[in-house]
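For reference, the structure discussed in these notes is given below.
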Amino acid sequence: MADARSIASLTISFGLVAIPVKLYSATIAAERISFNMLHKKDGSRLKQQYVCATEGTVVDRTEIVKGYEFAKDQYVMFTPEEIKELEEAGSSAIDIGEFVPLDSVDPVYFERTYYLAPDKGGSKPYTLLVTALRDSEQCAIGKWAARGREHVVVIRPLDVGLAMHQLHFQAEVRPMKDLGIEPATVSEAELKLARQLIGQQSAKTFDAGSYVDEFKGRVEAAIQKKVEGKEISLAEKPAARKGGNVIDLMDMLRASLESRGSSGRAVRDNGSREANGSHEVAARDIGSRDLGARKPPKRAAKVPAKRVAKSGSARKSSRG
């Protein structure tokens with residue numbers, strides 16, 4: 001945290017306990033490679049402009065308002081002042097409402113991660129909360145208002161400190177059932193081999209350091225060549241594998257086990273008898289490691305507004 005800069009000063013409050021903390025981003029923006037939009041002709045930097053779809057003219061930012069499409073090509077418009085009145089006032093307090101087991105919060109709800117460090121005078125209560133959460137195997141659920149919105153957050157112990165995860169609201173997460181997945185039937189023999197394969201590839205913990213961003217490495221190497229004035233040789237893309245291959249699931253599992261040096265002969269004999277006549281599965285890209293919506297909210301019938309704009313408004317601009 002030596003080079004990290006605090007984003008804000010906050011206070012964690014639960015019961016009568018108040019803990020002053022500093023908020024930090026958990027991610028390093030400088031580690032992401034980003035590109036700017038340039039003019040191909042002369043390499044000049046491009047600027048973004050908003051164009052009126054009706055008049056075909058560039059619209060100055062001072063003339064832009066936000067709008068909500070309540071019907072086809074019809075919008076209710078809001079001025080910046082009206083939007084500001086609707087926004088949640090920012091708060092320096094994180095109010096904890098309850099404590100729950102961390103594994104009861106599905107990661108699908110995680111949106112953004114921050115770190116919390118003790119501020120002046122908060123070291124002891126901060127350490128107390130970290131220790132109590134770790135010993136009880138609980139995490140704190142609270143509310144925090146920022147950037148005009150109220151957020152639900154999870155606070156959990158991480159090493160000797162606290163991590164805070166900003167969550168999506170339930171309405172923002174699409175239910176898995178919307179995908180219409182219909183489970184297939186698997187035999188006990190197939191399941192037994194699958195469990196054995198999982199056991200072979202299991203690790204005690206997840207080590208993030210063992211995974212490297214190879215794409216970033218390739219881009220950085222290409223950038224360096226460009227800087228040095230060298231040509232970039234692009235490797236040919238691997239030929240796409242044709243789909244429609246029919247592979248027996250038992251054979252796939254056995255091959256996976258054997259490729260990792262497993263002695264699965266005894267299991268193979270039992271498995272072949274139990275899975276005799278077992279269904280075949282179609283696979284598009286199967287290798288030794290291949291085993292492993294919510295509907296949008298209905299628009300409000302009535303939306304209070306002072307003005308209504310029809311199709312003349314630029315759709316993209318109004319949504320900005």
Side-chain angles (χ1 to χ4, degrees), residues 5-11 23 25-27 29 32 34-41 44-95 97 106 108-114 141-154 164-179 293-320:
R5 292 186 179 182
S6 173
I7 300 173
S9 294
L10 306 174
T11 301
L23 182 72
S25 174
T27 57
R32 302 190 189 100
S34 60
F35 293 91
N36 294 311
M37 305 300 290
L38 306 177
H39 188 188
K40 183 178 180 179
K41 180 180 179 180
S44 300
R45 181 83 176 266
L46 299 179
K47 296 182 179 180
Q48 186 181 52
Q49 292 181 317
Y50 292 92
V51 179
C52 176
T54 301
E55 300 176 356
T57 57
V58 176
V59 179
D60 189 86
R61 289 182 180 273
T62 59
E63 300 179 14
I64 296 175
V65 296
K66 291 185 177 182
Y68 178 83
E69 187 179 21
F70 68 94
K72 180 67 174 177
D73 294 329
Q74 294 190 4
Y75 305 83
V76 287
M77 296 191 295
F78 292 86
T79 65
E81 293 74 22
E82 290 172 327
I83 292 292
K84 193 171 184 63
E85 290 179 5
L86 297 173
E87 291 179 343
E88 187 77 23
S91 173
S92 61
I94 304 172
D95 297 317
D106 196 298
V108 72
Y109 288 99
F110 289 7
E111 179 182 10
R112 188 173 298 158
T113 301
Y114 299 93
I141 306 294
K143 290 185 177 181
W144 172 49
R147 300 184 183 90
R149 289 191 59 189
E150 184 177 59
H151 304 279
V152 179
V153 297
V154 162
M164 184 175 78
H165 304 282
Q166 183 177 307
L167 304 183
H168 290 288
F169 286 98
Q170 186 177 35
E172 298 173 333
V173 177
R174 185 190 306 278
M176 181 64 75
K177 64 180 181 181
D178 284 1
L179 305 184
R294 163 186 151 81
K295 297 180 180 179
K298 296 182 178 178
R299 300 187 186 276
K302 295 181 179 180
V303 180
K306 296 182 179 180
R307 294 185 294 277
V308 175
K310 295 193 176 181
S311 57
S313 298
R315 207 166 193 175
K316 291 184 179 179
S317 299
S318 62
R319 288 178 178 167

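When a residue number appears, it is its place in the shown sequence, counting from 1. Just so you know, these numbers come straight off a predicted model, no measurement behind them.
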Enter the distance from [X]:[atom1] to [Y]:[atom2] here, rounded to the nearest 0.5 Å.
{"X": "L167", "Y": "E172", "atom1": "CG", "atom2": "CD", "result": "10.0 Å"}
{"X": "M164", "Y": "L10", "atom1": "CE", "atom2": "CG", "result": "6.5 Å"}
{"X": "Y75", "Y": "F70", "atom1": "OH", "atom2": "CZ", "result": "10.5 Å"}

Closest heavy-atom pair and its distance - [X], [Y]:
{"X": "V153", "Y": "K143", "value": "CG2-N, 4.3 Å"}
{"X": "V51", "Y": "G56", "value": "CG1-C, 3.7 Å"}
{"X": "S92", "Y": "S9", "value": "CB-O, 3.9 Å"}

Please list, chain by chain and in numerical order, all residues satisfying side chain to side chain donor-acceptor pair (under 3.5 Å) with [X], sequence neighbours excluded.
{"X": "E81", "answer": "T79"}
{"X": "D60", "answer": "T62"}
{"X": "R45", "answer": "N36"}

Pairing residues for [X] by the side chain to side chain contact (heavy atoms under 4.5 Å, CB included) criterion, not counting sequence neighbours:
{"X": "T11", "result": "A18"}
{"X": "Q49", "result": "V58"}
{"X": "S34", "result": "none"}

Under a 4.5 Å cut-off applied to non-hydrogen side-chain atoms, are [X] and [Y] in contact?
{"X": "L23", "Y": "W144", "result": "yes"}
{"X": "E82", "Y": "V65", "result": "no"}
{"X": "T27", "Y": "T113", "result": "no"}

Subject >> H165: partners by ring-ring contact (aromatic ring centres under 6.0 Å, His included), with sequence neighbours left out >> reply: F110
Original post:
Charged N to carboxylate O under 4.0 angstrom, E111 versus R149?
Top reply: no
Subject >> side chain to side chain contact (heavy atoms under 4.5 Å, CB included) between V154 and Y109, worked out >> reply: CA-CA 10 Å; V154 162; Y109 288 99; over 6 Å; no
